[in-house]
Each structure stands twice: as C-alpha cells, then as structure tokens.
Protein chains: 2
Amino acid sequence: MAILGLLREGPMHGYELKQRLVDLGFWRISFGSVYPALRRLERARFIEVSPGSGRRKEYRITAEGKEHFQQILEDEASEVENTSAFRVRLAFFKYMNPETRIDFLERRKTVLRERIASARTSLRRTADRVDRYTQSLMEHGVRSAEADVAWLDELIASERTQDGAPGAEKI
Amino acid sequence: MAILGLLREGPMHGYELKQRLVDLGFWRISFGSVYPALRRLERARFIEVSPGSGRRKEYRITAEGKEHFQQILEDEASEVENTSAFRVRLAFFKYMNPETRIDFLERRKTVLRERIASARTSLRRTADRVDRYTQSLMEHGVRSAEADVAWLDELIASERTQDGAPGAEKI
DNA sequence: CATCGTTATATCGGGTCGATATAGCGATGT
DNA sequence: ACATCGCTATATCGACCCGATATAACGATG
C-alpha cells in the first residue's frame, strides 16, 4: 500500500522507494520486503516496470493500481490496531475521503485508550511483583501512548476546523 | 529470549506467557509465534514440558536454558537498533551485568539520536514537497524519539546513582 | 587507475502475523 | 436441567517480513 501511495506521486526505482519509506518512519524496512513486494504488485498489474538510467528499473503505478490503492485506503474496516498500517494510511491521508478521516483518527484513539487502560491495570496488578526496570518500561509505554493520543487530538481538531493546518498547534 | 526470561520467574503455560508478553508491551504478539517458539525451545532443550491442570502444558526452563538466556542477554553486540529486542533486554535488565547496562542504554541512545538527526534532515529536505499529514507524521516521529531519549537519560542517571530507583525521577 | 563507499537489484532461510480450527470451562438465563 | 456465550487454551497454515548475503556498476579521492 505504501509503495502504491508513493508511486502515485510519480515514478520511482526500488532503492528510492525504500529511502522514502524510511523517511516515513519505517526505519527498518528491508530490501527483502521491497523487491518481492514490487514483483507481487507487478504480477497483479498494479504497477509497471520500464528500464531507467543505468541498471535502474523505473516503477510506475497503473490505473488499476490507483483504483486498488483507493479501495484499500477507503476501506471502512481499515486496520487501526496495527501501528504501521495506521501510519501508512495517515501518510496518504490527502487521498482519503475527508468524511472518513476523523472517524479513522477516532478509532485509532479508541485503540490507544484501551491499551492505556489495560496497561494501567496490569501495572497495578503486578506493581509489587515486577522489578523497577520492567515497571519503568511499562510506565514509559503508557506515557508514549498518552502522547500519541494528544497528537491524535491535535490532528482531529485541525481536521474539524476544515482549514486544517496541523503543525499550527505545534509545540 | 522473552519466553526464557519469563520462565526464569517460574513455570507457566503458553497462554499465560502470551499475556505476560502483552503486559511487557508486545500488544500484538501472536499464538502463531508463541507456540512454534515453545516447540523450538523444547527441541533445543532450553525448556521442558509437563502436563498441567486440564489441558494445559506447563513449561519450565532448564539449566541449559538459563545459561543460553544469560549468554544472549550479556552478548556485547546485543541488538540495540531493533525496538523489540531492546525492550526485551530492558525487561530482564536485573539479570544483566551492571557494568554493561549503562553501555547498553548509551548505545540505544546513539541509535535514536541518529534517527532524530536523519529524520530532521529529511524533514528539511522535503518540507515543501510533502503534504501536512506526512509532515505531522514525521514531526511526531521526532518528538517520540526525543521522549525516548529523555527516558533513557532518566534510566542512565538512576543507574549511575547505584541505588537506582527509576520512577523516583518520574514526572 | 586502484580502491572505497554508495547506489542498486536480487534471493534465501528462518521466523512472525492473522486467520482459523478445535474444545473444555464457567457463568448467566430460562 | 441444559442451552448458549464468552473466555481459556493449544495448534496449524499460508502469506509475508526481516537480516544476511551476493553481485555489480558508479563516483570520488588520492
């Protein structure tokens, strides 16, 4: 999905795609994921290949590819539990129907809130049994999730005020 | 490694192990990882199985298992780029040689600092080309990483003052 | 023009994930 | 008494991802 999204901006070769994925925060994406994914997308006729300069291969998205991308992006039941899947969809939010954007963000927020609640419960439950390192780890997990929720609130707020310039409220 | 660490605390069955892994922040750990892992550990003689109550199977760590756990925990070249691997080691920090703990935390900090730097670079490089959502995503990534660094600083500080009570400096 | 670091494509084995199957268990309702 | 529901519990499968590795051309430095 991320590859299709990036190729919507314009044709690219594999190595460049990988770099752009790293830029989006997928630090550890591997060539062992990228190249097989490109072959799968080609087989499915969602992308096309043509020789670029040197030994490069230029990948271009097809009409079917755009259609498929839109379909999985707009899918109402779109994954919101999976952090990576969430981040990919957010990176291509501009292509998402504005009406479903807020719903999508709210659903992510619900998931995080649930995790925070259950993490707090297990912290209380195990407070006396686990060592200070484990406890610090769990507490940091809660704080991170809370920061994520605050960020989602920013995004939702700027999405509601239509003009929407997230970053205007930036710290 | 996480399974061996948890079994050091006492015998457990598979389902319970999975729950404890979730408690440690591995929200999405799957049974398709847990049960095959238990079989591999059994084959390697790092754990032993005995029938528990009902249809449960109780897993126990062996002497070889403890030895192996200690070895991969203390391994100087221990993975610090991989967030999951880092978190597992931190969860079992009490078993790690105190001299190597600070080094381990510092190395993780270096990795995060490098990521922050490269993320800032790619933010500056792409600031005018990418849309506001992508930008917010990248900015949030940087803020999260910075929060992680601050947390590591807390852990390092409390580790240096021997008595070490992380959470004493808690916000 | 040798050498080194970067760009670039590709594959492989071992492992993870999400879905699914199966079934016993305890509680709640009628 | 017993149906049914949700939770506990073990297990497997296909599709896929990751890290290591192979290969080679390219550009810059000396």
Side-chain angles (χ1 to χ4, degrees), chain A residues 1-4 6 11-44 46-59 72 75 77-88 111 118 121, chain B residues 1-4 6 11-44 46-47 49-59 72 75 77-88 111 118 121-122:
Chain A
M1 174 173 175
I3 288 172
L4 290 178
L6 286 171
M12 258 179 253
H13 56 273
Y15 196 84
E16 196 181 353
L17 275 164
K18 198 232 174 195
Q19 285 177 313
R20 299 276 275 116
L21 288 169
V22 170
D23 285 350
L24 290 182
F26 301 96
W27 313 106
R28 296 168 66 68
I29 189 76
S30 150
F31 288 117
S33 308
V34 174
Y35 288 111
L38 286 169
R39 248 180 296 123
R40 286 196 302 276
L41 290 168
E42 196 193 347
R43 260 206 319 264
F46 293 148
I47 63 173
E48 279 171 349
V49 198
S50 58
S53 66
R55 96 213 90 105
R56 287 183 189 171
K57 290 185 179 179
E58 267 218 332
Y59 295 95
I72 54 180
D75 180 13
S78 65
E79 185 69 271
V80 94
E81 314 244 334
N82 184 318
T83 304
S84 293
F86 167 77
R87 290 167 61 81
V88 173
V111 167
S118 86
T121 304
Chain B
M1 175 173 175
I3 288 172
L4 290 178
L6 286 170
M12 260 179 249
H13 56 273
Y15 196 86
E16 197 180 352
L17 275 164
K18 199 232 173 197
Q19 286 178 313
R20 299 276 275 116
L21 288 170
V22 170
D23 285 350
L24 291 182
F26 302 96
W27 310 106
R28 296 169 66 68
I29 189 76
S30 150
F31 288 117
S33 307
V34 174
Y35 289 111
L38 285 169
R39 247 180 297 121
R40 284 197 303 276
L41 289 168
E42 196 193 348
R43 259 207 319 263
F46 293 148
I47 63 173
V49 198
S50 58
S53 65
R55 102 212 87 104
R56 286 183 189 173
K57 290 184 179 180
E58 267 219 332
Y59 295 95
I72 53 180
D75 180 12
S78 65
E79 184 69 271
V80 94
E81 313 246 333
N82 184 317
T83 305
S84 293
F86 167 77
R87 290 167 61 82
V88 172
V111 167
S118 85
T121 303
S122 84

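It should be emphasised that the depicted structure is a prediction, and the values quoted were computed from it without experimental measurement. Quick note on labels: first sequence line is chain A, next is B, and so on, each numbered from 1.
At whole-Å resolution of the value, CD in B/Glu79 and P in D/dG19 are 7 Å apart. Between B/Arg28 atom CZ and D/dC17 atom P the separation is 14 Å, expressed in whole Å. One can place CZ of B/Phe31 at 13 Å from P of D/dC7, the figure rounded to the nearest angstrom. In this entry the distance linking CZ of A/Arg55 with P of D/dA24 reads 11 Å, nearest Å.
Under the rule for a side-chain contact (heavy atoms from CB on, under 4.5 Å), A/Thr121 has no partner lying at least two apart in sequence or in another chain. With sequence neighbours excluded, the residues forming a side-chain hydrogen bond (donor to acceptor under 3.5 Å, both in side chains) with B/Ser50 are B/Arg60, listed by chain and number. Applying the side-chain contact (heavy atoms from CB on, under 4.5 Å) rule to B/Ser118 yields the partners A/Trp27; only residues at least two apart in sequence or on another chain are considered. Remark: B/Ser84 engages no residue in a side-chain hydrogen bond (donor to acceptor under 3.5 Å, both in side chains) (not counting sequence neighbours). By the side-chain contact (heavy atoms from CB on, under 4.5 Å) test, B/Val111 is found to be paired with B/Val80, B/Glu81, B/Arg115, residues two or more places apart in sequence or in another chain being considered. Residues passing the side-chain contact (heavy atoms from CB on, under 4.5 Å) test with A/Tyr15 are A/His13, A/Gln19, A/Phe31, A/Tyr35, sequence neighbours excluded.
A/Tyr59 comes within 4.0 angstrom of sugar-phosphate atoms only, judged by non-hydrogen atoms across all strands, and of no base.
Within the structure, salt bridge (charged side-chain N to carboxylate O under 4.0 Å, His left out) pairs that include any residue of residues 30-42 of chain B do not occur (at least two apart or interchain). Sequence neighbours left out, not one pair with a member in residues 27-37 of chain A passes salt bridge (charged side-chain N to carboxylate O under 4.0 Å, His left out).
The closest side-chain heavy-atom distance from B/Leu21 to B/Leu6 is below 4.5 Å. Looking only at side-chain heavy atoms (C-beta outward), B/Ile3 and B/Phe46 stay at 4.5 Å or farther from each other.
Here the straight-line distance linking atom CD1 of B/Ile47 with atom CG of B/Leu38 works out to 4.5 Å at 0.5 Å rounding.
Contacts with DNA chain C (heavy atom under 4.0 Å) in residues 35-43 of chain B: B/Arg40, listed by number. A heavy atom lying under 4.0 Å from DNA chain C marks the following residues of residues 12-23 of chain A, by number: A/His13, A/Gly14, A/Tyr15.
Across all non-hydrogen atoms, the minimal contact from A/Glu79 to A/Ala85 is CG-CB, 3.8 Å.
End-to-end axis angle of the helix from C/dC1-D/dG30 to C/dT30-D/dA1, using five pairs per end and rounding to 10°, comes to 30°.
If you walk DNA chain C from 5' to 3' and mark each nucleotide with an atom closer than 4.0 Å to a heavy atom of chain A, the marks span C/dT7 to C/dG18.
Along DNA chain D, the nucleotide nearest to B/Asn82 and the one nearest to B/Ser33 differ in position, and the one closer to the 5' end is contacted by B/Ser33.
Test B/Arg20, B/Lys57, B/Glu58 against B/Met12 for side-chain contact (heavy atoms from CB on, under 4.5 Å) and you get one pass: B/Arg20.
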